[in-house]
Structures are given as structure tokens and as C-alpha cells.
Amino acid sequence: DVVARYKMARGFNVLHPMGWDAFGMPAENAAMERGIHPSEWTYSYVAVMKAQLEPMGLSLDWSREFATCDPDYMAQQQALFLDFMEQDLVYRRSAMVNWDPVDMTVLANEQVIDGKGWRSGAQVERRELAQWFFRITDFAEDLLDSIDGLESWPDKVRLMQRNWIGKSRGIEIPFALEDAPEGFDAILCYSTRPDTLNGASFIAIAPDHPLSKALEGGSADLAAFNAECRKMDTTEEAFEKAEKKGFDTGLRVRHPIHPDRALPVWVGNFVLMDYGSGAVFGCPAHDQRDLDFARKYELPAPNAFFLPGDETPVGDEALVPPKTDTVIYSDHFAGIGEATSQDGIDRTIDWMEAKGLGQGQVKYRLRDWGASRQRYWGCPIPVVHCEACGIVPEKKENLPIALPMDVDFSKPGNPLDRHPTWRDCVCPACGGPAKRETDTMDTFVDSSWYFARFTAPKAETPTDPEAAAYWMNVDQYIGGVEHAILHLLYSRFFARAMAKCGHLTKANHEPFQALFTQGMVCHETYRDAAGRWLTPEEVERSSDGATALADGAAVEIGPSIKMSKSKKNVVAPEDIVARYGADTARWFVMSDSPPERDVEWTAAGAEAAHRFLQRVWRLMAEAELAPAGGSAPTDISQTAMDLRRATHRAIRDVTADIEGFAFNKAIARLYELAGALGKTGTEAGLGFARREALETLARLASPFVPHFAEELWSALQGEGLLTGAPWPQADATLLQEATIVLPVQVNGKRRAEIKVAADADAASVEAAALADEGVRKHLGEAGPRKVIVVPGRIVNVVV
RNA sequence: GCGGGCGUGGUGGAACUGGUAGACACGCGAGAUUUAGGUUCUCGUGCCGCAAGGCGUGGGGGUUCGAGUCCCUCCGCCCGCACCA
């Protein structure tokens with residue numbers, strides 16, 4: 001908001017959508033307080049905001065922009081989904097999902113909100129279900145390459161996206177099986193380190209690998225082992241500690257380069273079926289995980305390469321030097337001797353491909369986006385299931401497929417599934433009876449394209465190309481780091497997918513020009529002796545501790561963490577606004593910490609912000625001011641001149657600070673300006689300078705405290721609304737000083753300050769420095785050996 | 001484990017590309033106003049020291065006339081990813 005208001009003052013057209021998080025929380029709280037049924041929340045967002053805004057004489061036109069709660073947005077999102085189906089950007093397949101029996105209904109349940117069991121893993125089951133997926137992996141390469149162009153994004157986020165996409169170049173190598181069951185003549189292993197193939201000593205396949213499954217029939221032990229492994233992957237902690245376990249199938253494969261070597265085939269609990277081919281060759285000498293496994297099951301660990309000048313065989317630590325380091329390959333089949341690992345990898349892949357021993361492959365960690373949710377809360381997927389025609393897209397004229405209002409939340413699972421009539425519909429293809437899809441879309445879908453929709457929120461199609469071309473792309477996107485990967489990657493995918501459907505253009509492939517990740521508002525946490533969380537209002541906080549207001553008992557103060565309902569460390573925005581006013585809250589949140597960092601909400605800090613705004617108001621009310629619209633008097637006092645200089649310095653510095661997102665520093669400059677103004681006391685003849693300072697203060701503070709600044713402006717009889725006034729310009733002549741103060745160091749320690757003309761040459765500065773009493777005291781008898789003069793900065797005398 | 005970041009007063013934090021460390025605010029102390037408390041105003045406040053002075057940006061070392069900033073090393077904290085072959 002600060003950036004948007006600043007940009008408007010600089011004369012830009014600003015389309016400034018509000019995120020729903022900020023409004024969502026109060027709306028959600030209000031809905032709960034009023035006992036609104038969760039099924040109505042989607043609609044109650046709008047209702048609550050209407051109730052809040054209409055008394056202020058504001059219309060709620062922009063309510064249409066709220067994603068799931070807006071039938072129009074829902075219709076267009078469903079239309080978009082249908083277009084994606086047509087372009088083969090979405091598909092349905094069977095997949096294992098975490099099936100969460102806890103639906104939105106539980107949010108209304110006190111216990112769950114208390115943080116005892118909300119989403120605790122225990123309630124989540126793994127089920128195999130038919131799911132809808134977006135083909136985001138089709139864009140993996142482009143999504144990765146384009147990250148280089150996102151120059152105004154934080155490096156951190158760019159790196160996280162790169163890692164998430166996780167590109168790797170490797171090769172698929174078939175290992176010929178001996179005495180294998182029907183249909184299996186080779187195991188295909190994926191490797192990014194084929195240069196270490198000489199060090200291969202075993203093959204490990206995933207428990208879910210087809211071969212492993214096929215062998216289960218003949219071995220009860222293997223079946224039991226596999227069943228054990230499948231159970232494991234549910235809880236994360238178990239995953240972390242899980243030991244590398246294996247099961248020897250008794251099968252053997254031939255080493256592709258050295259057919260005389262037979263390698264044992266193991267099933268390993270650490271091999272993932274959904275990465276690569278679900279099978280790896282184990283190279284213990286150059287992979288720690290393989291080495292642990294080999295030591296446990298007494299498998300050999302031959303080196304494929306050594307460090308130069310050190311041929312010690314591998315011990316308990318795998319030899320994995322950086323890929324840019326030079327190593328000495330030992331007896332490498334492609335004749336590679338001394339080379340970097342990276343070079344060795346590339347040459348090995350080329351050599352093996354040429355010999356027909358494997359197929360070079362580029363793989364990504366990125367998976368297709370599973371967008372199905374078995375929840376009520378969300379935009380229904382607009383397809384129907386027809387016995388005769390199968391899966392049929394709904395007709396666009398029937399959109400939106402809205403959610404029913406009468407739903408039963410008393411049982412776990414998706415309430416749409418058991419709705420008595422909602423599923424019944426007519427097949428758009430054959431006209432026969434059909435059933436609606438009950439999966440709803442991941443809410444990330446809603447946020448993946450709202451910025452495009454907002455450019456024309458009433459268009460009959462998902463976007464109005466003309467409006468999109470005018471407004472897009474987003475110049476400055478601001479959000480929390482928690483969106484660094486999912487939301488921002490999905491949106492980048494959506495922009496490409498929408499371009500493919502003609503809703504955007506190629507110029508919109510990167511929808512967010514610049515990204516800023518802001519911190520969160522945090523607060524201390526409080527717990528009583530019984531371990532119950534207490535809200536800040538229930539606690540009396542003093543400098544040396546805290547007690548409960550209810551009974552005066554001591555309260556344990558916990559760390560300051562992100563405000564959350566479950567920890568009760570929440571100060572509701574309405575309460576802040578009621579107590580201090582919205583501008584005080586805005587001012588405080590901006591003033592204390594740099595915006596990319598978390599800010600600690602403290603009552604004392606808010607009070608201080610409040611006091612400052614009051615002080616500015618008093619300064620205005622009590623000051624003797626020149627009439628509005630006057631021009632600067634030519635002959636003014638030193639005090640007036642100093643104030644004018646301070647004013648124009650503030651313009652320069654605050655402007656630079658806002659441009660650089662250093663809002664806390666901008667606010668510090670405004671404190672300084674107010675301080676300079678206050679210092680002038682009741683001295684007469686400062687009317688113009690005071691008016692200038694106050695008008696400037698109002699203008700510079702307006703992005704932070706828009707209402708307060710507007711009041712100040714009006715009290716100063718400023719012309720029109722402050723919102724329409726241009727951003728002030730610093731007067732260059734007032735930024736220049738005739739004389740400056742320079743620090744003088746002797747041997748690097750500051751010993752004195754000298755006053756010199758701003759444009760004094762080095763020789764005269766040196767002379768002035770050496771003449772200074774404080775400096776001479778430290779010179780000693782030998783006198784200076786060397787004098788360093790950094791113009792405008794510092795003088796250093798070396799003795 | 002891999003990748004990234006950070007470490008400055010009692011606290012939140014300033015310090016532009018190596019150039020006066022601690023802006024601004026909170027807190028604390030003293031004083032003024034007030035019947036009192038609060039508000040408001042003034043002054044002080046990195047640490048040690050009566051002072052002169054000395055010491056100070058997680059520890060140690062280095063480069064430099066000069067280091068919070070650059071390099072090496074150790075320690076601590078935070079974030080992201082994680083049996084990724």
C-alpha cells in the first residue's frame with residue numbers, strides 16, 4: 001500500500017489489488033463471532049466487508065474480485081479450466097493422496113482452533129484416488145530458464161525455485177538380468193554419475209518397482225519387507241530417522257561395461273519409485289548413502305576415481321569432491337584419466353550414448369500439480385461423469401457450477417460427495433443423466449491468475465486482452481516468503497498456460513516484474529501454569545514478567561512468533577484500529593523493522609507511534625504559520641534556513657528510502673524532521689519555513705498514514721486533496737552546505753573534527769587538519785609521515 | 001546431509017560502493033510542568049574509568065593509512081530442500 005500510494009503521487013496509474021489474507025482474517029473472525037455457518041463463509045467475506053464499508057459510504061465494487069466467494073470469478077475460473085482441458089494442460093490420473101477427513105467444518109470447532117490436532121498427521125490417511133493434474137512439468141525447462149531474467153526478484157526466491165524444479169542431467173542405463181521372471185530382461189537405472197559406473201557394486205530397486213512387486217508372489221519375506229516400507233512413508237519423523245534397509249532378491253545383473261561382473265539386486269527402502277526409473281546402481285565409494293548400505297550388508301566398495309596423489313581406498317566416508325575438482329579416474333572405460341567430475345560425467349554420457357549403452361536424460365524434481373481437493377471449500381471442477389460418454393466438460397453457458405449452500409459437515413470427508421441432489425445433472429454431450437465431479441480446485445488455483453483477472457474484473461471471458469495488455473505485468477509484487485515456491489511458481493505456470501489459450505500473451509509469461517518478500521507481524525506468546533495459551537488481552541505485561549488478568553497468577557512468556565489463532569498471540573486488526581486508529585497501526589508496523597524482516601507487535605511501540613502522530617498534530621496546531629501559498633522570503637534567519645535545509649534533506653532521503661523499500665529509515669527521517677521543527681520553539685519569523693516543513697511532512701508521511709496526512713493537509717488549508725498533490729521535489733541549492741565537518745584520524749583513530757569549506761582542495765584540508773590542536777597533541781615529535789585526504793569524508797594522518 | 005542467509009547497546013534497528021559505529025525509536029535515569037499518577041517538555045544514556053584515557057560490531061587470525069563492511073578459520077542462530085540416484 002505504501003508503494004502504491006507513493007507511485008500514485010509520482011503520477012503513475014496504479015491498479016492496487018488487496019490481498020485476501022489481510023481482509024480474510026477479520027472477516028473470518030467476525031463470521032465466527034456471529035455464528036455464521038462455515039458453508040456461508042465463502043459468501044460471508046463479502047457480507048462482512050459490506051457491513052464494514054457501507055457505513056463509511058464506500059461501495060463494494062471490488063468484492064467481485066474475491067476469488068472463491070465471487071460467482072463471477074468462479075465462472076471464469078471454471079471457463080479457464082475448460083480451456084486448459086482443450087489445450088491438454090490438465091489431465092486426470094490415479095494417484096496416492098493425503099486424504100484429510102478434516103474439512104472446513106472443524107475450523108468452527110474450538111478444540112481444533114486451539115491447535116490440538118489441526119492437521120496433525122494422525123488424522124490424515126493415504127488413499128489412492130483419481131485426481132486432476134496440471135501439466136506444469138511441460139514447462140519445467142522454460143520455468144527454470146526464465147528465472148535468470150527475474151532480476152528484480154530476491155536471489156533467495158530464485159534459488160528456491162531453481163532447487164524446486166531440480167533439473168539434473170543423467171543417463172538411463174539398462175542392466176541385463178540373469179534368470180529373471182517373465183517379462184523382465186533388464187533393470188533400467190537412472191544416474192547422474194555414470195562416470196562412477198566402474199564403482200558399481202549392487203543394484204537397488206524401489207519396493208514399488210514392478211520387478212519388486214512381481215517377486216512378492218514367490219517370497220513371503222519380500223512381500224512383508226515391501227509392506228513394511230510402504231507403511232513407513234506417512235510420518236515425517238520416521239522418515240528422517242529411517243535406517244537404510246535392504247532385501248536381497250537373489251537376482252543378478254551383468255555390469256554393462258564388464259560383463260564378467262555380476263551385481264546383486266536388492267530392494268532398498270531408500271529408493272523412490274517416483275524419481276528416475278525407481279532403480280539405481282549403488283556406487284558406495286562415491287555416495288554416502290550407498291556406502292552406508294554397502295557397509296551394513298557387506299558389499300564391496302571399489303573406487304572409480306581418486307584424488308590426485310592419494311590412492312587410499314574409501315573408508316567410512318564416501319569420496320564426493322565438488323564436481324569442479326580434478327580427480328584421477330582409475331581404469332575408466334572411456335579412457336578418461338585426469339579430469340573434473342563434471343567433465344567426466346559429460347564425456348561418459350556421450351561415450352555411452354555412442355556405444356548404445358544408455359540413453360542421456362534430463363530429469364526434473366518438479367512434479368505435475370495435483371489440483372484436486374476433496375473439500376467443500378473451493379471452486380468445483382466443471383466436469384461431469386456420464387456413464388455413456390465418460391468424463392465430459394460442462395458447457396460454458398452453464399457456468400458457474402456453484403457450491404450448494406445446504407451441506408452436511410457432521411461427517412468427515414467431502415460434503416459434496418454425500419449431498420442428496422447436487423451431483424445430479426445432465427450430460428452436456430448426450431443429454432442423459434450424469435453425475436457432477438465433486439473434487440474442487442486447490443485454492444492455489446484461485447490465486448494463480450487473479451492478477452490477470454483484476455485488469456478487467458467484469459469481462460465476459462477470463463481476461464479482456466486489451467485491458468490485460470495495458471495493465472500487465474505486475475510492476476511490484478509484495479508477499480510473504482511462504483509463497484516463494486508454490487504460489488509464485490504456479491502463477492508463472494498459469495501465465496504461460498493462459499497465454500497458450502489466448503487469454504494473455506507471450507509478454508506475460510513472467511507476470512511479476514519485481515518481487516518483494518515482506519516479513520510478518522509477530523507477537524509474544526503466553527501460557528499459564530496449566531499450559532493453556534492466553535491472548536495478549538488476558539495478560540498484564542510488565543517489564544519483568546507477566547501475570548494473568550483473571551487471577552494474577554504468573555504467566556510464562558514464550559518467544560515472539562507469527563501471529564496465529566492457535567497460539568492466541570493475535571491482536572485483532574479491529575481492536576488495534578479501535579484503540580489507536582488505523583494510521584497508528586500502519587505507522588508502527590512500518591517504523592520498527594525493515595519490511596523484509598518480521599516485526600514484533602508491542603503495545604509500547606504502538607503507543608509511541610500514536611504519540612508521534614499526536615505530536616505532529618500539536619506542532620501544526622501551535623505553530624505560527626505563514627499563509628498558504630506564499631513564496632520563500634529572500635532574507636531569512638539562520639534558524640529558518642536550518643529548518644528549510646532539514647525539510648529538503650528529508651525530501652531527498654525519504655524519497656530514496658521509499659524507493660529502496662527502507663520504510664523504517666524513511667520514518668526515522670520523518671522523526672528527524674519533526675524534531676527539527678519542534679526545536680524551533682516559539683521563535684518568530686519562521687512562518688514560511690514552518691509551513692513548508694509541515695506541508696512536506698504531511699506529503700512525505702501520506703503513503704504511511706494516509707488519513708492522518710489528509711487531515712493535516714486540510715488543516716493547513718492545502719489545495720484539494722493531498723492524494724492529488726504531487727510528490728515534493730528537493731531544492732538542490734538547499735541541499736548544499738557551504739562548510740562541512742570532517743573527522744580527522746591519527747593512525748586510524750578519530751582524534752578531532754575540523755570545519756572546512758565544502759569545496760576546499762586537498763592541500764588546504766591537510767593544512768587545516770595538521771593545524772588542529774587535537775591532532776597536534778597526537779602527532780608526536782617526528783611529525784606526520786603521510787596524510788590521506790578523502791574529499792568530503794575523512795582525513796587520516798599517519799605518524 | 002545439501003543449499004542459502006545472519007550474528008552491531010538492555011531492546012527493535014541505522015551505518016551509501018572500506019572512511020566519525022550505534023541514526024531513529026523503545027526502555028531506563030535526572031529535571032521541569034502537574035495536588036498526584038498519566039500526558040507534555042528539557043537533558044542524559046555502548047562498556048570500563050573521578051578524570052585523562054582505554055575498550056568495543058559472535059571468537060581468533062589476515063589484507064589496508066583506515067575493517068561492522070573484504071579474505072581465512074572456528075562458534076552460534078535462522079531459513080529452504082531433503083533417502084533426488
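Throughout, protein chains are lettered first and strands after them, A, B, ... in sequence-line order, and every chain is numbered starting at 1. Just so it is clear, the values below take in all heavy atoms, side chains as well, and ignore hydrogens, waters and symmetry mates. Worth saying up front: this structure is predicted, and the values here are computed from it rather than measured.
- With B:C83, B:G19, B:C65 as the candidates, the nucleotide lying closest to the side chain of A:Val790 is B:G19.
- At least one donor-acceptor pair under 3.5 Å links the side chain of A:Arg645 to the backbone N or O of A:Gln736.
- Nucleic acid contact for A:Val744: none, since no nucleic acid atom lies under 4.0 Å from a heavy atom of the residue.
- Here B:C24 presents its P atom at 15 Å from CG of A:Asp592, a figure rounded to the nearest Å.
- On the P atoms, B:G58 is 6 Å away from B:U8, given to the nearest whole Å.
- Rounded to a whole Å, the CG atom of A:Leu619 is 12 Å from the P atom of B:U40.
- Scanning residues 276-290 of chain A for heavy-atom distances under 4.0 Å to RNA chain B yields A:Val280, A:Arg289.
- When the P atom of B:G53 is taken as reference, atom CZ of A:Arg750 falls 12 Å away, rounded to whole Å.
- Residues from residues 663-682 of chain A with heavy atoms under 4.0 angstrom of RNA chain B, sorted by number: A:Asn664, A:Lys665, A:Ala668, A:Arg669, A:Tyr671, A:Glu672.
- Look at the P atom in both B:U64 and B:C81: the space between them is 44 Å, to the nearest Å.
- Taking for each of A:His778 and A:Arg367 the nucleotide of RNA chain B with the nearest heavy atom, the 5'-most of the two is the partner of A:His778.
- B:G18 adopts an anti glycosidic conformation, its chi angle falling more than 90° from 0.
- Across the strands present, B:U64 finds no partner; the criterion is a Watson-Crick or G-U wobble pair with both atom distances under 3.5 angstrom.
- For A:Asn569 and A:Thr525, the side-chain atoms include no donor-acceptor pair closer than 3.5 Å.
- No hydrogens or angles were tested; on distance alone, a donor-acceptor pair under 3.5 Å links the side chain of A:Lys244 to the base of B:C83.
- In this structure B:G46 sits in a base pair with B:C55, meeting the Watson-Crick or G-U test at under 3.5 Å.
- Side-chain nitrogen and oxygen atoms of A:Arg618 include at least one within less than 4.0 Å of the OP1 or OP2 phosphate oxygen of B:C41.
- A salt bridge links A:Arg169 to A:Asp346: at least one charged side-chain nitrogen sits closer than 4.0 Å to a carboxylate oxygen.
- Pair assignment for B:G18: none, as no Watson-Crick or G-U wobble contacts are both less than 3.5 Å.
- Taking the ring centre of A:Phe225 as origin, the terminal cationic atom of A:Lys245 falls outside the region bounded by 6.0 Å and 45° from the ring axis.
- The nearest whole Å value for the distance from the CG atom in A:Asp155 to the C1' atom in B:C79 is 15 Å.
- Separating the C1' atom of B:A67 from that of B:G19 is a span of 10 Å, rounded to the nearest Å.
- The nucleotide whose nearest atom lies closest to any side-chain atom of A:Ile485 is, among B:C81, B:A85, B:G19, B:C81.
- Separation of the P atoms belonging to B:A23 and B:G44 is 12 Å when rounded to the nearest angstrom.
- Judged by distance alone, the side chains of A:Gln161 and A:Arg492 do bring a donor and an acceptor atom under 3.5 Å apart.
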With side chain to side chain donor-acceptor pair (under 3.5 Å) as the test, would you mind laying out the steps for A:Asn664 and A:Ser591 before giving the verdict?
CA-CA 4 Å; A:Asn664 57 327; A:Ser591 70; over 6 Å; no

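- Atom name C1', nucleotides B:C28 and B:U17: the rounded distance is 38 Å, in whole Å.
- Under 4.0 angstrom from either OP1 or OP2 of B:C55 there lies at least one side-chain N or O belonging to A:Lys749.
- A 3.5 Å limit on both hydrogen-bonding distances identifies B:C79 as the Watson-Crick or G-U partner of B:G3.
- For A:Leu272 and B:A82, the CG to P distance is 11 Å, given to the nearest whole Å.
- Side-chain atoms of A:Tyr275 and A:Ser168 include a donor-acceptor pair closer than 3.5 Å.
- Of all nucleotides listed (B:G19, B:A85, B:G27), B:G27 comes nearest to the side chain of A:Ala604.
- Atom P of nucleotide B:A85 and atom NZ of A:Lys323 are separated by 7 Å, given to the nearest angstrom.
- Ring pair A:His523/A:Tyr526 is perpendicular by interplanar angle, where above 60° counts as perpendicular and below 30° as parallel.
- RNA chain B lies under 4.0 Å from at least one heavy atom of each of the following residues of residues 159-177 of chain A: A:Leu159, A:Met160, A:Trp164.
- Using N1 to N3 plus N6-O4 or O6-N4 for Watson-Crick, or N1-O2 and O6-N3 for G-U wobble, each under 3.5 Å, B:A85 pairs with nothing.
- Applying ring-ring contact (aromatic ring centres under 6.0 Å, His included) to A:Trp266 and the options A:Phe247, A:Phe293, A:Phe202 leaves one that passes, A:Phe293.
- Between B:C26 and A:Arg611, a contact under 4.0 Å exists linking OP1 or OP2 to a side-chain N or O.
- Here the options are A:Lys665, A:Arg669, A:Glu659, the test is side-chain contact (heavy atoms from CB on, under 4.5 Å), and the partner is A:Val654; only A:Arg669 passes.
- B:U35 is unpaired under the criterion used here, namely a Watson-Crick or G-U wobble arrangement in which both key atom distances are under 3.5 Å.
- Across the P atoms, B:G46 and B:A51 are found 13 Å apart, a figure rounded to whole Å.
- Nearest to the side-chain atoms of A:Arg597 among the listed nucleotides B:A85, B:C81, B:G13 stands B:G13.
- Regarding A:Arg751, its CZ atom lies at a distance of 10 Å from the C1' atom of B:G54, rounded to whole Å.
- At the heavy-atom level, A:Thr192 lies under 4.0 Å from the strands shown only through sugar-phosphate atoms.
- Taking atom NZ on A:Lys755 and atom P on B:U20, their separation rounds to 19 Å, with Å as the unit.
- A donor-acceptor pair is defined here as one N or O able to donate and one able to accept, closer than 3.5 Å; such a pair exists between the side chain of A:Gln518 and the backbone of A:Gly480.
- Under a 4.0 Å N-O distance rule, the pair A:Glu683/A:Arg690 does not qualify as a salt bridge.
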